[in-house]
Each structure stands twice: as structure tokens, then as C-alpha cells.
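Below: one structure, written as C-alpha cells.
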Amino acid sequence: MCLAGGQAAARRLLLAQIGAESCRTFCEQFFNSASARARLAAMSSIEEDDAFEAAAQGSLSARAMVARPAPYLDELNPAQRQAVEALDGPVLMLAGAGTGKTKALTARIAHLLWTGTARPNEILAVTFTNKAAREMKNRVGRLMGEAVEGMPWLGTFHAICVKLLRRHAELAGLKSNFTILDTDDQIRLMKQLIVAANIDEKRWPARQLAGIIDHWKNRAWTPEAVPAGEASAFNSRGVELYAEYQARLKTLNAVDFGDLLLHMLTIFQAHDDVLAQYRRWFRYILVDEYQDTNVAQYLWLRLLAGGHRNICCVGDDDQSIYGWRGAEVGNILRFEKDFPGAQVIRLEQNYRSTPHILAAASGVIAANKGRLGKTLWTEAEEGEKLRLIGHWDGEEEARWIGEEAEAMQRGTRGLNPYSLDDMAILVRASHQMRPFEDRFLTIGLPYRVIGGPRFYERMEIRDAMAYFRLAVSPDDDLAFERIVNTPKRGLGDKAQQKIQTMARSNGVPLVDGARLLIESGGLTGKGARELGKLIAGIGRWHGAVLDARESHIELAERILDESGYTEHWQNDKTPEAPGRLENLKELVKALEEFENLQGFLEHVALIMDNETEEGGAKISIMTLHAAKGLEFPVVFLPGWEDGLFPSQRSMDETGLKGLEEERRLAYVGVTRAEEVCTVSFAANRRVYGQWQSALPSRFIDELPEDHVDVLTPPGLYGGGYGAAAPMGSGLEDRASRADVYNSPGWKRLQARSAERPVSQPRESRSMVIDAEAVSAFALGDRVFHQKFGYGQVTAIEGDKLDVEFDKAGPKKVVARFVTSADVPF
DNA sequence: GAGGCCATAGTGAGG
DNA sequence: CTATGGCCTC
């Protein structure tokens, strides 16, 4: 846009030349020469659409010019190859778990490039996560032999929409430098609106409103378009608040995540010329994880693909697990209707799991109705059956998995040792992680939690970011609100109220409002002095940003020091303070990868992962949702109990639909495993401090018997399970204990275990110990307990011992939980 | 204005 | 049971 005329003409010429080259040379140049990359990088810039179109028009259709066969095709199986070579027209690639979906998708991109069918910038490839986008970029690069810097339109829905919306911001009533609010900002904004609307924010919390509005945006409903049937939402005032929220965002020159898509969708719908332009640009469209698309994304894709219909969607209806987030499985089920004549290609050869694991997964998912249907098969060796084990309570489950992980790590199962990195524990809900963390901490088993609170969501990081945001744009009111009294500047509610009033009555941003307030003498004393310093600071930092002489890293450090924020945490004596200072250092370090603060902020708004990872091998703990797309040789699936998994709440909310989504989640869980998959459940679990019993999950009944191996834990059934009740747990009184054993799942489990020969080749360590343990102790014996460590027996009462532990002091313990300290195992 | 106490709530999680 | 948030007191 702002190129000097001569330069622009030169670039036009250059681009036209590229277009006229044979595609082989083109690819070679593009991927192998730095200058060609630079040219393409320039070409991909959003500001150069004139040049872009010129190039597109001046190009030859070079498709037929390939002489050499493409190298990546040899690595594909027939179905994958078919999916890769069907370049024109609508294609639905139904790719089961572990069938080489990403491989096919990236090969398809490579094929588009290699055959000269499309240039890198004519391909729109959308994913849901940054991780998926990154991986795809890397893999296309590897196939083509170089990093792909010239694929500007490979990214997440949101990242692509940001690029587009910056270009067309004015059509949505925004300036192109709009800010992107995160969830935290949104909620604070809504809270203000709720209070302003005189609604009791206790009964109607902002979080809930945020959820409703998000839901509406996912359905592509603008405030005007929300159907009347939804009007009762949020005390009947949901739509009204939604409209106010949107208006407020507009005045703040801000958007939330949902808006990124919705604004672009409305622009496409209202401006034929804009839509037509992008239909010309994006000649080939690829969509990953199509089963996860919501209505807004679906409509967006349909509009863009509407002309040429060169759209390839990849997905697996059996892995649709984001219905609660607005995803519509219907989108994938309906694909052939939406795009008549579409080719449907099924990828069914699985390269990940053993036949037993696949069969178990298929057995579970078969119970769902309305599937497109796939039959996964594999050439892999038979391997082990899926293992099933019941436990008395959640702690025992955690203990057993800990021991099992250690055993597998040592290779004592008669198999090769596995690294802890090869193992994962997949849970339904994040609170299930805790027993494992507790257990692993006590036995010193290294673990990592995937998907915990993320780096950029931590308080100190968000505070620091707010300072950076103010330095870049001083009129960022939400950022100002966040840090005006952080660190404490003696500016409480009342002072902040005054600033708000002053700003609003003068129609200026909060910083200016604050300045006016001081000048008018409306604020005095310490507060005024501190506020004055803050305002001066913001002015200075903003100057430094504009000036750009100082490196942005030094500037960032200076901002944190001058604002007193670093000092604030240095003076803080809570145990978290050192960690927070560490995080701030990390943040500054992260700046190094960017050229300036603006670039960094843009990046962070869309990318929130925390990728710092060091240390040795660790077992991974994560939710089933977080595990999608990952694979591990060894997978543990604990907590398969009705109510927990399938989740009661999910079933209550959406009935059969919810249950089916839970079942798909089970399918996702099992199919993460390559070699060993262990499902477990506990008869009792402490939930919010209360003991609750549960029946084994109905999904356990759905596991086909021929592919399941029932492991018999010691002391749970087959006699003597009462001994396993932890002391003082209150379980002794539980009348419902027997009920557990009346469920079909349990009976089946017992029937299965009865079929098994008495001695099994693999017995857990505690089983062996157990046999000796019951009668093996005498007063004064040295014993070892997994939780309490070493100690000495001071009394014996049946199967209960009083033990004086060296570290933990006197405790009553059940004999089978201790081992003789003299006997090494 | 800040710190402490009490009440309350508590799936899943991408951008 | 624990984390968070609002309210009340100093």
C-alpha cells in the first residue's frame, strides 16, 4: 500500500516473472534460494494485494510442467495417495485415529505446490491449534526440503482472521490496529456492563454471560440475529447486554476471539467484492479437524469455497469431542450434501496401535449411532490385550499406576523398558490429576502436567503485558484499569471511579482522564503523586516505542523497573514470589524472538502456550481433551466410573448426545495407546472431601471381551477386600458397598477374572508382598510404608498395625500396606 | 485502602 | 477439601 510507485512496479514485474517460470524452477527457487524466499515473503504480505493479483493473472497454469515424480507419493498408502492426488473439487478425508492424517494433509499441500497447481500463497490451510499449524508448516517444509516461509495462509482460524480483519477493519467499524481481548479482559468488561445494568452480579455472574455470548458467536449470531427463543438467557437481558458489549468493544477498538471470525463472516456476507477477491486468492482450501468446526467457521468456509469448491476437509466424526464448545458434528456428517459430488476418502489403515487396542476402541465406538463409519485395521503384531483393573479407591488406583509405571520403566514386565516419556495418564477432568500428583511426589516419580495454567495466563505475566500494552497504545483502557493500582499506588475504588468519570465526561481514554483529574485537583496526596508518576511513565515508554532507538528488550525491562512492578514482587514474601520473578525474566527472554513490542503482543494474543520444558524423562498427566492428536506407547486411563466418565453433567445437559460425546472421548483415550493400554476404575472416590462410591463405567461393558485382560488386584475381590479400606476413611459404614458388585459391569468383570488361570505371569509387586504380609509381622519389626516411609511395629490388632514411623510419627495402618523393611524387593 | 475472614462453588479448553 | 471472591473491620 505504501510502496513508492517505482518499487511497486518493479515488484509487479518480478512477481509476473515468477508466475511465468516453470513450476520446477519455481519450487527450487522458492525453497532453496534465500532471495526467492524473500521475494515470496514480500509477495505474501497482506498489503500487496495489487501485486498479488497481478502475479496471479500473469501466471501460467504450470501444472503440466512437472517432469520428475514427486518423492513424497511413494511413502503413501493407496487411500492416502488418492486423497493427495484428488486436488480439484470437494474432498472429504475421513481419517481415523492414527491413520496418517497429517501426513496425507501435508503431502497434499506439497502436491499442490509441486505440480504447480497452486502457489504457496494461494493455499488456505486452517487448523484449530497453533500446535497443529506449526507441525503442518514443519512437515510441509520437510517434504519440500526447506522451511516454508511462503505459506502465509497456513494457520489457525483465528490467526488467519486477524490478518484478514486488520485489512478490512473499517468494514466492521474498527481501526486496523484493534486489540484482541482475552477471556480475562472480556469478563471484566462484562462485569462492568452487568453492574451498570443494575443486575445482581452474584445471581448472574459475568462468567456465565461470557459463556452465553461465546455460544452465540459460535453459532454466528450477531445481537440482532439472536433468535427469540434465546431471549430468556441471562435474566431475559442477555441480548441487550450482548449488544451493549459489542458497542463497548467498538468504542474500545477491540475484539474478542469470537469476533475475529464473526466480523470476517459478516464482512464476507455483506461485501460481495471482498468475498470475490478472497475466492480468487484462496484457490485451494484445506481444513484440519473438520469435525471440530462450529457454525461460524462452517459458514465462513462455505463462503470462501463457494466459487471454485476446491476444498478438502479432513476429520474424524468419531473424534468429535468439542460439542460443548460449539463444535457441530453435523458439519462433517453433512459434507456430501453441502458439496454435492464430493469425493469421500477413508483412511483406515492404522499405524499406531496394536490390533487388540484397535479392536477395543472399535468396540466402544460401535455403540454410537449416526456415524459415518470406518473400520480401522492394522498390520501390526498382536501385542497385549487392553488391560482392565479395578481398585478400592482413587488413592489405590494412583498407587497402582505409580508402581506399574516404575515397573515398566525398569522393564520388569518381561518387556523392554519404557521411558517415562513414553507413558501418559489420561483423565476425564482436571481434578482427577491431583491424586496422581500427590502420589508421584511422595514416591519421587517425575511427571509433567500438560495443559495446566498456562504461562501467559499467569497473573504476573498478564500484569506485565498490560504495561507493555500501555507503552504501545496508551489509550488501552482495559490495560490501564488492570495495572493502575498494581503495584499498590494508593488508588482504591474511589480514586478509580473519579478517573472513570473524568474520562467518560470528556470522552477521552483513561490515561487522559487521570491526567485531567490531577490537573483539576480532583485527586490529592499520595495517590495523586503516584498516579502522576504512572502517567509520566506511560508517556515516556510510549515515546520510546515510537522512537524505536532503544531495543525493545531493554525497554521492557525498564518499564518493569520504573513502574515498580519488579520491586513489588521482590518485596513480596509469599512463597510464590521468586517463581513469579522467574516468570518475568522468562517473559523478557521471550521478547528476543520478536522485533518489537507490537509484534510480541500480537503473537501473545493468539498464542498462549508455554513451551519451556527441561529436565529428564517424565510421565505425562493430562485430560483426554488435551490428549487428542497425541500418542504414547503406554497409556493409563483411570477413573472409568459412571458419573465421572461418562460425566454425569454431560449426560444431564445434553442427554444421549452428551453420552455419545463421552463415548467418543473414551475412543480418543484408547486410541492414544500404541502398545499398552490400561483402563482402571475405583469403587470409591473422595470428591470435594466427601466419599462417594461409583459403579464401573458403562463403557467398560462395551469393551469387547476377547481383547481385554482383567488384572486382579490384591485384596479387592476374590475375598478380603475389606482389608483394603483405609483407616478412618469412613468406608466401614458404607452400606452401599455391596451395590458396587451388583452392576452388570462388575459381574462381567468377575466372570472374566474367574476364567483366568490362577497364576498369572504378571503380578504386581504388591501382590507378592500381600501374600506374606498379613501374618508376617511381629512387635518390633521394621516395616516400610509407601506413604509414611520406614517405621517400627508397636501393636498388632488383626490385620491392623500400630506403627511408629521414623518421619511420620505414630499411625494405624493396614498390614497389607506395609512391607518388612528387611526384605528387599 | 488493605488485609483477613467467611461463604461459596467446583467439567472439558482452543484462540 | 481448596481456591476464590466479597465483605467487613482496622
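Naming convention: chains lettered A, B, ... in sequence-line order (proteins, then strands); numbering from 1 in each chain.
A straight line from CG of A/Leu531 to C1' of B/dG1 spans 15 Å, rounded to a whole angstrom. Regarding A/Arg134, its CZ atom lies at a distance of 13 Å from the C1' atom of B/dG14, rounded to whole Å. One atom, CG of A/Asp292, and another, P of B/dG15, lie 12 Å apart when rounded to the nearest Å. A straight line from CG of A/Leu260 to P of B/dG15 spans 13 Å, rounded to a whole angstrom. Between A/Asn218 atom CG and B/dA13 atom P the separation is 16 Å, expressed in whole Å. With rounding to whole Å, A/Asp438 atom CG is found 12 Å from C/dC1 atom C1'. Between the CD1 atom of A/Ile180 and the C1' atom of B/dG15 there is a distance of 9 Å, given to the nearest Å. One can place CD of A/Gln648 at 12 Å from C1' of B/dT11, the figure rounded to the nearest angstrom.
Centre separation under 5.5 Å together with a plane angle under 30° does not hold for the ring of A/Phe128 and the six-membered base ring of B/dG15, so they are not marked as stacked.
Here the nucleotide nearest the side chain of A/Trp324, chosen from B/dA13, B/dT11, B/dG14, is B/dA13. Which of B/dA2, B/dT11, B/dA13 sits closest to the side chain of A/Arg325 comes down to B/dA13. Of the listed nucleotides (B/dA2, B/dG15, B/dA13), B/dA2 has the atom at the smallest distance from the side chain of A/Lys488. Distance from the side chain of A/Arg428 is smallest to B/dG12 among B/dG12, B/dG15, B/dG1. For A/Arg434, whose side chain is taken as the heavy atoms from C-beta onward, the closest listed nucleotide among C/dT2, B/dG1, B/dG14 is C/dT2. Closest to the side chain of A/His625, from the set B/dA13, B/dT11, B/dG15, is B/dA13. Closest to the side chain of A/Arg649, out of B/dG12, B/dT11, C/dT2, is B/dT11.
Within the 4.0 Å cut-off from OP1 or OP2 of B/dG12, at least one side-chain nitrogen or oxygen of A/Ser430 is found. Contact annotation: A/Asn485 side-chain N/O to B/dA2 OP1/OP2 distance is under 4.0 Å. Using a 4.0 Å cut-off, some side-chain N or O of A/Asn130 falls inside it from OP1 or OP2 of B/dG15. A/Lys191 has a side-chain polar atom (N or O) that falls below the 4.0 Å cut-off from OP1 or OP2 of C/dG6.
When the nearest nucleotides of DNA chain B are assigned to A/Lys494 and A/Met622 by heavy-atom distance, the more 5′-ward of the two goes with A/Lys494.
A/His215 and A/Trp324 form no side-chain donor-acceptor contact under 3.5 Å, judged by distance and modelled atom types alone. A/Gln186 and A/Asp182 share no side-chain donor-acceptor pair at under 3.5 Å. A/Tyr290 and A/Asp316 form no side-chain donor-acceptor contact under 3.5 Å, judged by distance and modelled atom types alone. Side-chain contact, A/Tyr447 with A/Glu437: a donor N or O sits under 3.5 Å from an acceptor N or O.
Look at B/dG4: its Watson-Crick or wobble partner, with both distances under 3.5 angstrom, is C/dC7. Remark: C/dT2 base-pairs with B/dA9. Criterion, Watson-Crick or G-U wobble with two distances under 3.5 Å.
Of all heavy-atom pairs spanning A/Pro638 and A/Leu426, the tightest one is CD-O, 3.3 Å.
Across all strands, A/Gln432 comes closer than 4.0 Å to no nucleic acid atom at all (heavy-atom distances). Residue A/Thr129 is classed as a sugar-phosphate contact, given heavy-atom separations below 4.0 Å to backbone atoms only.
In this structure, A/Arg248 is not positioned above the aromatic face of A/Tyr245 in the sense of NZ or CZ being under 6.0 Å from the six-membered ring centre and within 45° of the axis.
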